[in-house]
Amino acid sequence: MPELVEVELSRQLAGALAGRRVRSVEVPDPYASPLGPRALAQALIGTEFGLPRRRGKLLLLDTDGPTLALHFGMSGRLRLDGRTALGPLRYAPSGLEVRWLRFSLGLEDGGRLELFDPRRLARVTLDPDEESLGPDAATLTLAQLRSALGRGHRSALKACLLDQRRVAGIGNLICDEVLWRSGLAPSRPAGSLGETELHRLHRQLRKTIALLLDQGGSHTGTLTPLRRRGSRCPKDGSPLARSVVGNRTTYWCPAHQR
DNA sequence: CTTAATGTTGTCTG
DNA sequence: CCAGACAACATTAA
C-alpha cells in the first residue's frame, strides 16, 4: 500500500505526535532497522516530536533530537493511539496482527506509535539522506518534471517516473494510473516527450495524486481494479496490455496510450 | 503448488 | 557509461 498517497495519509495521522515525548522504544523485529534496538532507544527516549514531514514515500518524524524516518516497504502501515489512516491491507486483510508488529514507541502520555508490516520490507532509520530523493511528486513543478525526464533520455518513461532519485513518491499503481490518464505509453523513451505531452503528464500527475488522496488510497483509481488478464480499457474498450516496464508489472492501453 | 504482490538495491550483461 | 534484466530481501494470499 505504501506509495506517496498512503504515506501522506500516515503523515496526517502522525500529526497528533507533535509536542509528545518518547518514553520507550520496542523493536519486536530487529530486522526492521539497520540500527540496533539499543541505538534506537538511546537516540529516541526523552525526545519530543515536532510536526511530521514527508518526502516521497519516506515519513519523517522530526524530534528535538534525531529525525525518525519510516519507510513502509510493500506492506507497512502505521497505527497511532490505536488509530490507523488506511483501509485493509491487500496482503493482510485481517490487518494489524501482533505478529506483524515490527517497531513501536511508547509515549510519556501513555499513547503509542506502532509500525506493522507482514512482509517485512519496511525500514526504520534515523537522520536519513533526504537529498538523494527527487522532488516530491505531489508538489512537482512542470520544470522539475521536465528536468527529471530530460536526463533519462532513452530510458522508459515509466522507469523514470518510478526512480525515486528523479521524482519521489510515485509507485507502480499511481504510475500506471497517471500514464493511462495521460494517454502515454509506459515504454516511451522519457526524453521523447514533446512540450504538450509533458504538460499533459504534469497536469494528470498532480490531478491524479490529489484525487487518490481524496479517495483514500493509491488503489482507488480507475485502472487499478482492472489489473488482471482480460480487462478492457474503460476509455475505448480495447484489451489492456500486460507487460513489464521498469521491472514492474504494467497494465496499459495500447490503443490510446502512445 | 505456483504465481504475483502499492518497494529498494545490488549485480550482471549487452 | 547506460539501460535493461534479474535476483534477493521475506511473506502473504489467491
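Order of the sequence lines sets the chain letters (A, B, ...), proteins ahead of strands, with each chain counted from 1.
Side-chain to base pairing of A:R154 with C:dA3: no donor and acceptor N or O lie closer than 3.5 Å to each other.
Counting any heavy atom pair closer than 4.0 Å across all strands shown, A:D117 reaches no nucleic acid atom. Among the protein residues, A:R229 comes within range of the sugar-phosphate backbone only, with heavy atoms under 4.0 Å from sugar or phosphate atoms but none that close to a base.
As rounded to whole Å, 14 Å separates atom P of C:dA5 from atom CG of A:L162. The nearest whole Å value for the distance from the CZ atom in A:R123 to the P atom in B:dT8 is 12 Å. If you measure from atom CG of A:L121 to atom P of C:dC9, you get 11 Å, rounded to the nearest angstrom. Between the P atom of C:dA10 and the CZ atom of A:R120 lies a distance of 7 Å, rounded to the nearest Å. Atom-to-atom, CZ of A:R166 to C1' of C:dC2 comes out at 11 Å; the value is rounded to the nearest Å. B:dA5 atom P lies 21 Å from atom CZ of A:R77, rounded to whole Å. Rounded to an integer number of Å, the gap from A:L173 CG to B:dA5 P is 10 Å. Regarding A:R248, its CZ atom lies at a distance of 13 Å from the C1' atom of B:dT9, rounded to whole Å.
Taking atom C1' on both nucleotides, C:dC6 is separated from B:dA4 by 16 Å, rounded to a whole Å. Straight-line distance between the P atoms of C:dA7 and B:dT3: roughly 13 Å, to the nearest whole Å.
Contact between the side-chain N/O atoms of A:Y31 and the OP1/OP2 oxygens of C:dA10 is found at a separation under 4.0 Å. Residue A:N172 places at least one side-chain N or O under 4.0 Å from the OP1 or OP2 atom of B:dT6. An OP1 or OP2 oxygen of B:dT6 is reached within less than 4.0 angstrom by no side-chain nitrogen or oxygen of A:K57. The shortest distance between the side-chain N/O atoms of A:W100 and the OP1/OP2 oxygens of C:dT11 is not below 4.0 Å. Here A:T249 reaches the OP1 or OP2 of B:dA5: one of its side-chain N or O atoms lies under 4.0 Å away. Under 4.0 angstrom from either OP1 or OP2 of B:dT8 there lies at least one side-chain N or O belonging to A:H71. Side-chain nitrogen and oxygen atoms of A:R228 include none within less than 4.0 Å of the OP1 or OP2 phosphate oxygen of B:dA5.
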(request) Test A:D117 against A:S75 for side-chain hydrogen bond (donor to acceptor under 3.5 Å, both in side chains), laying out the working first. (result) CA-CA 5 Å; A:D117 179 30; A:S75 61; 2.5 Å; yes

(message) Checking A:R20 against A:D81 for the salt bridge (charged side-chain N to carboxylate O under 4.0 Å, His left out) test, could you report, in this order, the C-alpha distance in whole Å, the side-chain angles of both residues, the deciding distance, and whether it holds?
(response) CA-CA 12 Å; A:R20 302 164 75 182; A:D81 304 327; 2.9 Å; yes

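A salt bridge is absent between A:R77 and A:E114: the closest approach of a Lys/Arg side-chain nitrogen to an acidic carboxylate oxygen does not fall below 4.0 angstrom. Salt-bridge formation is not detected for the pair A:R11/A:E6: no Lys NZ or Arg NE/NH1/NH2 atom is positioned less than 4.0 Å from an Asp or Glu carboxylate oxygen. Comment: A:R227 engages A:D176 in a salt bridge, judged by a side-chain N to carboxylate O separation of less than 4.0 angstrom.
In the set B:dA4, C:dA10, C:dG4, the nucleotide with an atom closest to the side chain of A:R242 is B:dA4.
Where A:N247 and A:H219 each meet DNA chain B at their nearest nucleotide, the meeting point lying more 5' is that of A:H219.
Look at C:dT11: its Watson-Crick or wobble partner, with both distances under 3.5 angstrom, is B:dA5.
Heavy atoms from other residues, nucleotides or ligands lying under 6.0 Å from CD of A:E108 number more than 12.
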